There are 2 protein chains.
Amino acid sequence: MAQTARPTYAVIAKTAGVSEATVSRVLNGDDSVHPDRAKRVQDAVEKLGYKKNRVASALASGRTGLIAVVIDDDLSIFQDPFWGSVTAGVSRVLMENELQSLLMVSPVDSVDGAVAHYLQSGEVDGAIFFALHSDALVKRLAKQGLPIVITGTPPSNDDFIFVDTDNFGGGLAATKHLFSRGCQKVGIITGDTGLTDAKQRLDGYHQAYREGGHLPSKTLVANGDYSFESGKRAMRQLLDSHPGIDGVFASNDLMAMGAIAVIQELGKTVPEHIKVVGFDDSLIAQTARPGLTSVRQDVVALGEAAANLMIAQLAGIEVEPKILPTELVVRESA
Amino acid sequence: MAQTARPTYAVIAKTAGVSEATVSRVLNGDDSVHPDRAKRVQDAVEKLGYKKNRVASALASGRTGLIAVVIDDDLSIFQDPFWGSVTAGVSRVLMENELQSLLMVSPVDSVDGAVAHYLQSGEVDGAIFFALHSDALVKRLAKQGLPIVITGTPPSNDDFIFVDTDNFGGGLAATKHLFSRGCQKVGIITGDTGLTDAKQRLDGYHQAYREGGHLPSKTLVANGDYSFESGKRAMRQLLDSHPGIDGVFASNDLMAMGAIAVIQELGKTVPEHIKVVGFDDSLIAQTARPGLTSVRQDVVALGEAAANLMIAQLAGIEVEPKILPTELVVRESA
DNA sequence: ATCTTTTGTGAAAGCGGTTTCACAGGTCGT
DNA sequence: ACGACCTGTGAAACCGCTTTCACAAAAGAT
């Protein structure tokens, strides 16, 4: 609050012997100023340690330099390292481009409240949404002309700009890998299939069955919700209906760990009896014993891509949704 | 950009038949306005779907409602789920108090550049720093009157306001637990002891030796850097100098996992031959097999506490640093 | 009934930049 | 040498809200 009074344009203008308009031009890179005078302004800025007041600047120009990063606040945020990494990627790229990220962790049910309010208060130049459950709000904002990028494939594909991991390809690769390891009965533990990514991973799994000419079975599909416990539950269910199951693709590492825990509790071993592949290639996969074979997605890159799409949009460049490739990291579990 | 023109005070004032000053009073909860006129204003606001322009408001009032959350951008940010959770906690509490979090993930070496620049541009009402390596910048900002909260104990204790986990107590509890389990030679794998938290966990370890009357040894202390690989290296080192080591306190779960990996590679088992305790009680500890006994710290609460200290400061309330308790979660590894 | 005090309100001056617009002076073309 | 064009520049309006200040009306004091 009690910031020592900082100089304003008025002061710079006076010391440089020019008008405030000229100061503004110089500081905004307008090249129509004579080099000599520009130099004078820059010297004054230097000498007085001037720092532009971004709030005033924002008010006058209509550009705040702020990008909202909106994350649905269900509890998973607090546990899942995923979003932290994506956010870090976003933030870093934005900063490199003189933009700031406004982090909004907000309860789902208030997405129509506080967040909406904010995004419409003219305080941000754009918004990046994470893991969209519903896109009603996004639609409204887009209609109002707010640049938007969605991380993760949006539920209804209304030509939003989004970035996502190639979930389909990842699911396909994971499942094919299990077949190639000799598995005959490969099950899947899905995430909440209301989420697009979980759905796509499942689709990839199905595709692998089609391509491999194996016989799919509905009871080889067990639903989880990306949590450790749900992975355990789903694995028990799979073992129940298919005692002879010899491969499992879990839609994330956490559930894969749950599955392995159950398998081992029953005295079976991984990968000898049952092979397991996870998704994310998180720290968990890397540190688990046996090491968990997993589909790597580059979450930081995901964030960076989102930020770059935003920047392009702000620059008025036409952009298209972007899908990032995955890579299967083979370890001991399959 | 092309936001549909939103109403301003001028419009509200006209429809309500009052002056702009009155509109401002009503919208800022000034109770000196006659209820009837206040009602008229509120009706107008309602009717026109008015949303205050926060930028203009910030310029005029000097309060932006923005709190910077500054995170040193070394790579760990992108891997460690820790900071994501803390940040989420911060953001949530701030939002509940009508404040927004400005996330700044910035390279360490530029803490004197971009970030400093920003924090001094009058755009934020306060700053919350994570994992401070050096506090030169913080000192300067504090001197300028910017409210500051530090998450983690600052290196030089210059009566900054901070929140931290009870690292000392955690290290003490972990080590005592190992002794109570019958361990005689308990080693420690530290984090980078240049970091206060790593140092404090080590101090706790030493204290346990003192209290237990056991014989400490310098070679039972191996330095890591919180990474999985460093945990492996440190464990090898410990086994090298103390083949008979029967207990290890690793200063975080990741290194604990590294240690366990090495122990198992050598054909020994956990907890039979060597007992291991980690720190964080992260997902890794919960999903590992054997389950990792670990010192739980509530990271979300840490973020929330930081936010609350900031809010208190903004309200002009005198606040004190806050230390959050830890809890030992006992699983199979020790 | 007269003289303070309150209470409620609006006019107007900022907050610190950006941007439009008009204009002086120099450059060209013919 | 004269009108048509650029270039570079400053005055001033403006962005939308906050806050001071003066003042009228109502309430309280004597």
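Every chain is numbered from 1 and lettered A, B, ... according to where its sequence line falls, protein lines coming before strand lines. Just so we're clear, the structure is a prediction, and the values are computed from it rather than from any experiment.
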When rounded to whole Å, the CG to P distance for the pair B:L27 and D:dG16 reads 16 Å

Ranking C:dT18, D:dT9, C:dG10 by distance to the side chain of A:T22, first place goes to D:dT9

Looking only at C:dG16, D:dC17, C:dG10, the nucleotide nearest the A:T8 side chain is C:dG16

Note: for A:A10 and B:S32 on DNA chain C, the residue whose nearest nucleotide lies more 5' is B:S32

Between NZ of A:K14 and P of D:dG10 the distance, given in whole Å, is 15 Å

Here the distance between atom C1' of D:dA27 and atom NE2 of B:H34, to the nearest Å, is 15 Å

Practice task
Classify the nucleic acid contact of B:V55 as base, sugar-phosphate or nothing, counting any heavy atom under 4.0 Å across all strands shown.
Solution key: nothing

note: A:E20, atom CD; D:dA13, atom C1'; distance rounded to Å ~ 13 Å

- Task: Using only heavy-atom distances, decide whether a donor-acceptor pair under 3.5 angstrom links the side-chain of A:R25 to the base of D:dG10.
- Result: yes

Separation of C:dG10 atom P from B:I12 atom CD1, nearest Å, is 15 Å

Separation of C:dG16 atom C1' from A:R54 atom CZ, nearest Å, is 14 Å

Side-chain atoms of B:N28 come closest, of C:dG16, C:dT19, D:dT18, to D:dT18

Comparing nearest nucleotides in DNA chain C, the 5'-proximal residue of the pair B:V18, A:K52 is B:V18

Do A:Q42 and A:V26 make a side-chain contact, defined as non-hydrogen atoms from C-beta onward lying under 4.5 Å apart? yes

Report yes if some heavy atom in the side chain of A:I67 is under 4.5 Å from a heavy atom in the side chain of A:L102; otherwise report no.
no

*Take atom CD in B:E96; do more than 12 heavy atoms of anything else shown fall under 6.0 Å from it?*
yes

Sorted by position of nearest nucleotide on DNA chain D, 5' first, the leading residue of B:A60 and A:A60 is A:A60

Separation of C:dA12 atom P from B:Y9 atom OH, nearest Å, is 19 Å

Between CZ of B:R63 and P of C:dC15 the distance, given in whole Å, is 15 Å

- prompt: Do other residues, nucleotides or ligands put more than 12 heavy atoms under 6.0 Å from the NZ atom of A:K51?
  reply: yes

Next on the checklist: OP1 or OP2 of D:dC17 versus the side-chain N and O atoms of B:S57: is any pair under 4.0 Å?
Outcome noted: no

Under 4.0 Å from OP1 or OP2 of D:dG10: is there any side-chain N or O of A:S19 that close? yes

Report task. Describe the nucleic acid contact of A:V23 in one word from base, sugar-phosphate, nothing, applying a heavy-atom distance below 4.0 Å. Result -> nothing

Worksheet entry | Ionic contact status for B:R40 with B:D36, cut-off 4.0 Å | no

Closest of D:dG16, C:dG10, D:dA11 to the B:L59 side chain is D:dG16

